[in-house]
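For ligands, and for the atoms within them, numbers begin at 1 and follow the listed sequence. Along the sequence shown, residues are numbered consecutively beginning with 1. Here the structure is a predicted model, which means the values were calculated and not measured.
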Amino acid sequence: MAEKLGVQPSNLILGNGSNEIIEFVGHAYMAPGVDVVVSQYCFAVYPLVTKLFSATLVSVPAKKLGHDLAAMLAAITPRTRVVFVANPNNPTGTAVSSAELLRFVEQVPANVLLVMDEAYLEFLDGAADLVAQIRSGAKPNLLLMRTFSKIYGLAGLRVGYGIAHPDLIAAFEKVRQPFNINSIA
Ligand SMILES: *Cc1c(COP(=O)(O)O)cnc(C)c1O
């Protein structure tokens, strides 16, 4: 996978579906008093994991059913530790432009983890290549999440993965179960 993506193995972590990667984010980042910024109509698991870790969900009103990235940036405060963006989004099927997305990635403060959920990335033509930001090491606060569940139709196998700076991956390795991926997957 590292070879295919043009990254190092230390840039990757596997999960029992990318749902488990979302849980790693909870373990590593969320606690009471922490704000988690999402868009209205976001993927259902972000609010569930936020609640599981007793963090506070900040839901930003949607723009034409999709992410209002400017409003999400404005919702970031000193209490914010995580921002989730799914592009394309589930359940609304909305997507922002590559240019808009790249601008957003540049603007999220370095002390806030930006989780870019790319579960449906392969269905887009001309998607922004955020792996370049991981390859260059420029964004230690960026986590990309992908999955074999959607484009490959292998949801029952439960394999998802995260792509990020090695320091971030190392933190997630500390909070995952030792035997999270089974040998068949
Ligand atoms: C399906 C989906 C996932 C994760 O699915 P897994 O089967 O756990 O990999 C994550 N995010 C979004 C937006 C999804 O639609």
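Checked by atom type and distance alone, the side chain of N141 pairs as donor or acceptor with a backbone atom of P109 at under 3.5 Å.
Distances from ligand 1 to the non-hydrogen atoms of G160 include no value under 4.0 Å.
Residue M145 does not touch ligand 1, judged by heavy-atom distances below 4.0 Å.
Taking every non-hydrogen atom of R158 and a distance limit under 4.0 Å, the qualifying atoms of ligand 1 come out as 6 (P), 7 (O), 8 (O). Listed by number with element, the atoms of ligand 1 under 4.0 angstrom from any heavy atom of N90 are 13 (C), 14 (C), 15 (O). Near G17, with a cut-off below 4.0 Å to any heavy atom, the atoms of ligand 1 are 6 (P), 8 (O), 9 (O). Short contacts between ligand 1 and S149, defined as distances under 4.0 Å to a heavy atom of the residue, involve ligand atoms 6 (P), 7 (O), 9 (O).
Ring orientation note: the planes of F53 and H27 are nearly perpendicular, at an angle over 60° on the 30°/60° scale. Note: Y120 and F123 have tilted aromatic rings, judged against thresholds of 30 and 60 degrees for the angle between ring planes.
Ranking the protein heavy atoms by distance from atom 11 (N) of ligand 1 puts D117 OD2, 2.5 Å first. Looking only at protein heavy atoms, the nearest one to atom 5 (O) of ligand 1 is N19 ND2, 3.5 Å. For atom 4 (C) of ligand 1, the nearest non-hydrogen atom of the protein is S18 OG, 3.0 Å. Of the protein's non-hydrogen atoms, the one nearest atom 2 (C) of ligand 1 is K150 NZ, 2.4 Å.
Linking ILVMFWY side-chain heavy atoms closer than 4.5 Å, directly or via other members, places I22 and F172 in a single hydrophobic cluster. Cluster annotation: L142 is not connected to L168 through the hydrophobic network of ILVMFWY side chains, with a link wherever side-chain heavy atoms come within less than 4.5 Å.
When the shell of 6.0 Å around CD of Q8 is examined, it contains 12 or fewer heavy atoms from other residues, nucleotides or ligands.
The distance criterion of under 3.5 Å between nitrogen or oxygen atoms is met by Y120 with respect to ligand 1. The N/O atoms of Y46, backbone and side chain alike, include none that comes under 3.5 Å of an N/O atom in ligand 1.
Separation of atoms CD (Q177) and CG (N16) is listed at 8.5 Å; rounding is to 0.5 Å.
Note on K139 versus E106: salt bridge recorded, some NZ/NE/NH1/NH2 to OD/OE distance being below 4.0 Å.
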